[in-house]
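To start, the structure under review is shown below, and the notes come after it.
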Amino acid sequence: MNQQMARDMLAEIEQTQQRSAQYLGYWRQGPTVQLWGLVWIIAHVACYFLPASAGQIWLVCDAIGFAGTVLLRLRHSTDDSSQRQTGRRLTWAGCILLAFGAIASMLIGPRGRAIEVLWTCLFMSAYMLHGLWFGLRWTVLGALVIAVSLLAYFSHSPWYELIMAAAAGGGLLLGGTWMRHAR
């Protein structure tokens, strides 16, 4: 074996290791994406039938989604300090996004659908950014859900909540399955 063959083999091992880490990340995060798909489906359907209670519905559904996310993250916690540090950074990034979304929501005022689409686009933009480091599937999923959400919003359809339940919530549910079964 010459030096070039050894370098090629080491490069191939490195590439395999990176792909394995990416697929493991998809596998671990897929259930969280599926959970949020279910949360969004339930919230949007409930808002369709009880539009006057939309704020309370989203508050309860989001609380359940965040609690479920914490439980799923704890299930996959690791002793690896680099992953713990990344997890802390992602947690802080989530807090920054929540603060930004809350401020933007206050500035928008009581415009229900506009705020829903803002939050959807905000979190799906985070998915897209996450994809720049952790895999293209995140970026594709975020872009598709944003596109469907904007289409539903600008169509001014009386079926908006049901479209969002099927397209955005269903998109997350299917996207989580796509990630979970990445190969």
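Values below: every heavy atom of this structure, side chains too, minus hydrogens, waters and symmetry copies.
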Only distances under 3.5 Å count here; give the side-chain donor-acceptor pairs of residues 45-72 to other protein atoms, sequence neighbours excluded, each with its distance to 0.1 Å.
from: Thr69; atom 1: OG1; to: Trp36; atom 2: NE1; distance (Å): 2.7
from: Thr69; atom 1: OG1; to: Gly65; atom 2: O; distance (Å): 2.8

Throw together a table of side-chain donor-acceptor distances under 3.5 angstrom for residues 96-107, partners on residues two or more places apart or in other chains.
from: Ser105; atom 1: OG; to: Gly101; atom 2: O; distance (Å): 2.8
from: Ser105; atom 1: OG; to: Trp119; atom 2: NE1; distance (Å): 2.8

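Here the straight-line distance linking atom OG of Ser149 with atom CG of Leu144 works out to 10.5 Å at 0.5 Å rounding. Of the inter-residue distances, the one linking Trp138 atom CH2 with His130 atom NE2 reads 4.5 Å to the nearest 0.5 angstrom.
Contacts of Gln3 classified as side chain to side chain contact (heavy atoms under 4.5 Å, CB included), with partners at least two apart in sequence or in another chain: Arg7. Take Ile146 and apply the side chain to side chain contact (heavy atoms under 4.5 Å, CB included) test, not counting sequence neighbours, and it matches Cys121, Met124, Ser125, Met128, Leu150. Evaluation of the side chain to side chain contact (heavy atoms under 4.5 Å, CB included) rule for Ala152 yields Tyr160, Ile163, Met164 as partners, not counting sequence neighbours.
Both Val145 and Phe123 are assigned to one and the same hydrophobic cluster, defined by single-linkage of ILVMFWY side chains at heavy-atom distances under 4.5 Å. By the rule that hydrophobic residues join a cluster once side-chain heavy atoms approach within less than 4.5 Å of another member, Leu174 and Val33 end up as members of separate clusters. Following chains of ILVMFWY side-chain contacts shorter than 4.5 Å, one cannot reach Ile41 starting from Leu141, and the two form parts of different hydrophobic clusters. A continuous path of Ile, Leu, Val, Met, Phe, Trp and Tyr side chains, each step under 4.5 Å between heavy atoms, connects Val117 with Ile115, placing both in one hydrophobic cluster.
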- Message: side-chain contact (heavy atoms from CB on, under 4.5 Å) for Gln34 and Leu172? Distances and angles first, verdict last.
- Response: CA-CA 6 Å; Gln34 290 173 313; Leu172 285 176; over 6 Å; no

- Item | Worked verdict on Thr120 versus Trp40 for side-chain contact (heavy atoms from CB on, under 4.5 Å) | CA-CA 10 Å; Thr120 300; Trp40 283 17; 3.8 Å; yes

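Across Ile108 and Ala114, no two heavy atoms sit closer than the pair CG2-CB, 4.3 Å.
Listed by chain and number, the hydrophobic cluster partners of Val148 come to none, as no ILVMFWY side chain reaches under 4.5 Å of it.
Among residue pairs with one or both ends in residues 161-170, those qualifying as side chain to side chain donor-acceptor pair (under 3.5 Å) are His44-Glu161; sequence neighbours excluded.
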